[in-house]
Amino acid sequence: NDPIRLQTLLPIAINYHRTELNKSPENLDHRLYLARALVIDGNVEEAITLLEDGQKLKPDIKIQNAMAEALIYQGDK
């Protein structure tokens with residue numbers, strides 16, 4: 001709810017989860033958190049690609065749900 005705080009913390013979260021995901025590409029939590037942060041940051045296409053890649057690596061219903069949420073978010077904009 002605090003836009004200034006969000007602008008400060010979002011890049012930190014994106015960098016952290018991207019780094020961790022690079023170390024462990026099959027880590028579902030980092031993939032989902034990174035995708036969510038990217039969507040919030042307005043990078044929906046990147047988030048969807050990230051989720052699609054994850055689905056190819058290790059299919060999971062959570063990834064499908066996250067993709068649906070990203071598409072809904074994109075449609076609301």
Side-chain angles (χ1 to χ4, degrees):
N1 291 340
D2 182 353
I4 294 171
R5 186 170 182 210
L6 183 62
Q7 287 177 334
T8 302
L9 296 178
L10 200 54
I12 294 169
I14 289 170
N15 288 335
Y16 171 75
H17 290 295
R18 192 183 309 274
T19 299
E20 293 303 311
L21 190 61
N22 285 336
K23 292 178 190 174
S24 180
E26 291 187 5
N27 186 300
L28 181 61
D29 288 334
H30 287 300
R31 185 169 300 276
L32 293 174
Y33 290 134
L34 176 56
R36 184 172 294 134
L38 289 169
V39 167
I40 292 168
D41 198 36
N43 297 312
V44 177
E45 293 301 324
E46 184 180 353
I48 291 171
T49 299
L50 178 75
L51 294 167
E52 288 172 342
D53 291 346
Q55 192 69 355
K56 291 174 189 172
L57 268 176
K58 189 175 180 182
D60 193 291
I61 190 70
K62 291 178 184 178
I63 293 175
Q64 292 174 352
N65 291 340
M67 275 195 267
E69 290 173 8
L71 291 170
I72 290 168
Y73 186 89
Q74 184 179 38
D76 286 345
K77 289 291 175 176

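The structure presented is a predicted model; accordingly, all values stated were derived computationally and were not measured.
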- How far apart are the closest heavy atoms of Ala47 and Val39, and which atoms are they? CB-CG2, 3.6 Å
- Side chains of Pro25 and Arg31 in contact at under 4.5 Å (non-hydrogen atoms): yes
- Atom CD1 of Ile14 and atom OH of Tyr33: how far apart are they, to the nearest 0.5 Å? 15.5 Å
- Query: To the nearest 0.5 Å, how far apart are CG in Leu9 and CD1 in Ile40?
  - Reply: 11.0 Å
- Task: Give the cluster check for Leu21 versus Leu10: same hydrophobic cluster or not, with ILVMFWY residues linked at side-chain heavy-atom distances below 4.5 Å.
- Result: yes
- Rounding to 0.5 Å, atoms CG (Asn43) and CG (Leu34) come to a distance of 9.5 Å
- Message: I need the single residue from Lys62, Met67, Glu46, Gln64 that forms a side chain to side chain contact (heavy atoms under 4.5 Å, CB included) with Leu51. Which is it?
- Response: Met67
- d(Leu38 CG, His17 NE2) to nearest 0.5 Å is 10.5 Å
- By side chain to side chain contact (heavy atoms under 4.5 Å, CB included) - contacts of Glu45 (at least two apart): Gln74
- Query: In Å, rounded to the nearest 0.5 Å, how long is the span from CG of Leu50 to CD of Glu52?
  - Reply: 10.0 Å
- When rounded to the nearest 0.5 angstrom, what is the spacing between CG in Asp2 and CD in Gln7? 9.5 Å
- For Glu20, does its backbone N or O pair with a side-chain atom of Ser24 as donor and acceptor, under 3.5 Å? no
- Decide whether Leu71 and Val44 are clustered together by the hydrophobic rule: side chain heavy atoms of Ile, Leu, Val, Met, Phe, Trp, Tyr closer than 4.5 Å, transitively. yes
